[in-house]
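Only one structure is covered here, and it is reproduced in the block below.
Computed from heavy atoms alone, side chains included, the values below leave out hydrogens, waters and symmetry copies. Quick caveat, the model's predicted, so the values are computed rather than measured. In the text below, chain A, chain B and the rest are named by the order of the sequence lines, each starting its count at 1.
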Protein chains: 2
Amino acid sequence: MEELDQRIVQLLLQDGRMSYTDLGKATGLSTSAVHQRVRRLEQRGVIRGYTAIVDPEAVDLALTAFISVKPFDPSAPDDTPERLVGLSEIEACHSVAGDENYILKVRVPGPGDLEDLLARIRSAAGVSTRTTVVLSTPYEARPPKL
Amino acid sequence: MEELDQRIVQLLLQDGRMSYTDLGKATGLSTSAVHQRVRRLEQRGVIRGYTAIVDPEAVDLALTAFISVKPFDPSAPDDTPERLVGLSEIEACHSVAGDENYILKVRVPGPGDLEDLLARIRSAAGVSTRTTVVLSTPYEARPPKL
DNA sequence: GATGCGCTGGTCGAGTTCCTCCACAAGGCG
DNA sequence: CGCCTTGTGGAGGAACTCGACCAGCGCATC
């Protein structure tokens, strides 16, 4: 990817609502040219979307946890992600190297909801779980430096 | 938080670039009223910002890993997050319950950069590390259901 | 080595839409 | 009744969006 696109992406990572006019000023391009590049980045899949960054506590999701997951039957075909995709408390699902197969990042209002969620995960995917509760998060969702 | 604000936040989680006019149509409010509410949500810290969701591979950050971190000296005051805040490869830092103290989420171009980053983390924070490499991520950054 | 063609990616301008601010109204609440 | 909050509506200006046009470049052709 060339340098102009990279700079545009960088700017949109820092402020997803920046206007095309401002992007143009920041890159030395015309509004239309920037707009065109952004559209291309979107349809090439480089930019997958835009979102607000929200304080989890403010929306009653004060408890974050990482759940490591391992199938009971290692020989069965592994469709764990599809089995869990319907659980909206799961923010992310990573397939990982190591003792367990997946790491899930989940957000719930409180401990009771976590207990409940764990049961649903185990029964939906046929897995054993090991969960790590996060106590606080010093920082999160920082935009990468390109 | 009341229901209208919740719906606005939900919509902005799904599309961070939605216009105030559209938000108004979706919530049954006038453009001005929505704008006002969003500004309040921003300055109350409920909405912390906006960002583009970018394909990491497209910006040469193909390797994601979780690094569990534990200080060499458990009795020393723990300022690990501050010591690591300057490393831009670290996307998130969570203080966790369990054997280790923190979980870091990092993104680098490749294995060599990970090795290098680990050395910098250890020397900057005086910690031992245990890293879990992610092989693929079925999904990530899903907007929570409110 | 010129000529000409098509592709890519840029500027410019005009019509439309959206943002943003202000004045003002309706509903609680002391 | 007066004040605060939260809404509506409107007007001016800014931003978006589209089409027309142009410059550079690669490349086949002569």
Quiz item: Does a nitrogen or oxygen in the side chain of B:His35 sit under 4.0 Å from OP1 or OP2 of C:dC19?
Solution: no
Self-check item: Main-chain N/O of B:His94 paired to A:Tyr139 side chain as donor or acceptor, under 3.5 Å
Solution: no
Practice problem: Side-chain contact test, heavy atoms from C-beta onward, threshold under 4.5 Å: evaluate it for A:Leu87 versus A:Leu104 and give yes or no. | Solution: no
Quiz item: Which residue pairs pass the salt bridge (Lys or Arg N to Asp or Glu O under 4.0 Å) test when at least one of the two sits in residues 109-118 of chain B, sequence neighbours left out?
Solution: B:Asp116-B:Arg120
Quiz item: Does NZ or CZ of A:Arg17 come closer than 6.0 Å to the centre of the six-membered ring of B:Tyr20, within 45° of the ring's axis?
Solution: yes
Quiz prompt | Contacts of type ring pair (Phe, Tyr, Trp, His ring centres under 6.0 Å), residue B:Tyr50, not counting sequence neighbours | solution = none
Quiz item: Going 5' to 3' along nucleotides 8-16 of chain C, which nucleotides have protein heavy atoms under 4.0 Å from the base (write B), which only from the sugar-phosphate (write S), and which from neither (write -)?
Solution: -SBBBB---
Quiz item: Would you say the side-chain atoms of B:Thr137 pair up with the backbone N or O of B:Glu140, donor to acceptor, closer than 3.5 Å?
Solution: no
Practice problem: Would you indicate, yes or no, if C:dC21 has its OP1 or OP2 atom less than 4.0 angstrom from a side-chain nitrogen or oxygen of B:Arg39? | Solution: yes
Practice problem: At the 4.0 Å heavy-atom cut-off to chain A, mark where contacts on DNA chain D begin and end, going 5' to 3'. | Solution: D:dA15 to D:dC18
Self-check item: Listed partners of B:Arg142 passing side-chain hydrogen bond (donor to acceptor under 3.5 Å, both in side chains), at least two apart
Solution: none
Quiz prompt | Non-neighbouring partners of B:Asp78 that pass side-chain hydrogen bond (donor to acceptor under 3.5 Å, both in side chains), sequence neighbours left out | solution = B:Thr80, B:Tyr102
